[in-house]
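Reminder, nothing fancy here: chain letters follow the sequence lines and each chain counts from 1.
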Amino acid sequence: MTLIATESLTKTYGGGVTALADLTVAVEPGIIGLVGANGAGKSTLIKILLGLLAPTSGRVRVLGLDPTADSARVRARVGYMPEHDALPPDLSAAELVTHLGQISGLPRTVARERASEALRHVGLYEERYRPVGGYSTGMKQRVKLAQALVHDPDLLLLDEPTNGLDPAGRDAMLALVHRIGTEFGISVLVCSHLLGEVERICDTLVAIDGGRLLRADHISAMTSATDVLAVEVSEGTEELAARLAALDLPVRRDGRLLLVELADDATYDLILGAVAELDLPLHRLDQRRHRVAELFATREPSHA
Amino acid sequence: MPEPTGVIHDIGYQRYTGPRLGRRAVFGALYLHGLRTAFGLGRSAKAKIFPWLVLGIVTLVAAAATAVRSQIGEVVMTYAQFADNMSWLVIFFVAVVAPELVSRDLRSGVLPLYFSRPLPRSDYPLAKLLALATALWLLLGGPQLLMFLGAAFTGGEGMGGVWDELLDLLPGLLYAGLWAVVFASVGLLVASLTGKRAFAAGGIVAVFLMTTPIVGVLSIMPSRAVNELAFLASPSTLVGGVGGWALGDLLGPQAPVPIGGFGPVYAVAAVLLVAGCVALLLLRYRKVAAR
């Protein structure tokens, strides 16, 4: 089943601002990272997926339903964690999440049970009976996640869940999101402007920029591109590059480094042999994985 | 603030397969939550002070009126008059509770959490409006019930006396309902315009009180028709006008606001005012929900 599918999705706000332009993408269930700079159209896309905004043109399906026409049914099965502060300070987390569970259609007693379960899953225990106003940013983010989880959705839409968190808090939040996506069996769409964060936990990455799709693919397809060996010698970089090229090895220069595509283990021997023959001081030789960031970076004109 | 250390005990996640309730139940939950909020229930002690203070005062007034009547036999005020006499307290109650119901949600940014749920966007303001109207009606109707109990069972006129009292009470409760609906719709509309509670409270008091001078000016104009229509300009005198027309001498031997033969105009104006406020409120939340 396709989790989310859009077809030529376009959203233009009054005043001529184009938030999404001809976006066509389809993703399977799992953990999906939606990355893009601020203003790339991530939040607009989420609002359209929730049926809060109607697209200007194009089509969209969420869980096989049309969120514009069938918004109530979509929202019953989706949990949403907004980016900004969303918690009334004088309610306790337990009361708030219970109340919002009821608004999602849970009977009162069930809502209360599931609220304390959800808060426990995000790591809030006794503090859930205290007013939210006194919580730290990390705890508030957890409450926001718990309220998205309380009605047992099939899909979570998380808008910048690590916003405002310190590095440890970010790691904990990402671990939690990963756990929800894998152990809880709930699909998650994580929005972020930080590619390095989401690529750690996602199965699928969707990158948008200026409302257009940059790339959407399974993360393994993005990272399984050939690995490279980075070679650094203290001197004679040019000679080594020429020698390696003569050995039919594809070589690229990257500052003081030589990047050589790793075909198999024999590549190591060839490089070491070349270095030894030229009698150069080898500084380092290590294997690098393609980072997803590089895949996107090479598409930007400034790097051309 | 102790930061949770992120230790998560793995007890496993349970999927939910039970019933999911429909629109009516969700509306009911939101309405009840609003009604509780109006009286500060489930809130901090600070939030309870004002609603219960007002409630205490009106109850005290009703108790005093009942006591005077049973001791001296003089009717201090009728049931319907009770609402008129408490109008100041009603205004202040609205000024405190309406912002509590809607401005707070606007400010804290909690609305996206509501509107991302299967809640039709018109249901949110309607549930809040109904909650505020109910709270106001309880505020005015509760003490009337107290007066009724006092009068009916100390009068010593048997079942006939109780019946007569009941016939006086019911229009009084209806009149309280009119107060509640008009004041709730105007107050909630004003409060929904701002997220700052102090501004909202000030705006509500301004709308209810600043319109009184207009009534004053119009009622001394040298035209009888203008004088009699002057009371349309302020919500409290508008309600008084409708009451005087519909209830007659239940509001006392002399009508509180002399409106001549314009009674139906006042009734239509009250309906239009409420309808207009509700329409604007729905429009307001149509915009807020899309943000």
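Between A:P55 and A:L20 the shortest side-chain heavy-atom distance does not fall below 4.5 Å.
For A:R114, the part lying under 4.5 angstrom from a heavy atom of chain B is the side chain only. Contact of A:L106 with chain B is made through backbone and side chain together, with heavy-atom distances under 4.5 Å. At a 4.5 Å heavy-atom cutoff, the contact between A:L91 and chain B is made by side-chain atoms alone. Heavy atoms closer than 4.5 Å to chain B are found nowhere in A:L157, neither backbone nor side chain. Both the backbone and the side chain of A:S104 come within less than 4.5 Å of a heavy atom in chain B. Proximity to chain A involves both the backbone and the side chain of B:R20, based on heavy atoms less than 4.5 angstrom apart. Looking at A:D154, both its backbone and its side chain come within 4.5 Å of chain B, counting heavy atoms on both sides. In this structure, the portion of A:V150 lying under 4.5 Å from any heavy atom of chain B is its side chain and not its backbone. Proximity to chain B is limited to the side chain of A:E95, based on heavy atoms less than 4.5 angstrom apart. With a threshold of 4.5 angstrom between heavy atoms, A:L53 approaches chain B through side-chain atoms but not through N, CA, C or O.
A:I31 approaches A:V177 most closely through the heavy-atom pair CD1-O, 4.1 Å.
A donor-acceptor contact shorter than 3.5 Å is absent between the side chain of A:K42 and the backbone of A:D159. Listed for the B:W137 side chain is a donor-acceptor partner under 3.5 Å among the backbone atoms of B:L173. Side-chain N or O atoms of B:S103 include one that pairs as donor or acceptor with a backbone N or O of B:T194 at under 3.5 Å. Here the side chain of A:Q141 pairs no donor or acceptor atom with the backbone of A:G138 at under 3.5 angstrom.
In this pair, B:Y175 and B:W179 present their aromatic rings perpendicular. The plane angle is above 60°, beyond the 30 to 60° band. Ring geometry, B:F93 versus B:F39: the interplanar angle falls from 30° to 60°, so the pair is classed tilted. Using the six-membered ring where Trp is involved, A:H99 and B:H33 have ring planes that are parallel, under 30° apart on the 30 and 60° scheme.
Note: B:S116 leads B:G18, B:G28, B:P120, B:S116 in heavy-atom pairs under 4.5 Å with chain A. Per-residue counts of heavy-atom pairs under 4.5 Å with chain B were compared for A:L100, A:V74, A:L87; the largest is that of A:L100. The candidate from B:P118, B:A29, B:G22, B:A47 with the greatest count of non-hydrogen atom pairs under 4.5 Å with chain A is B:P118.
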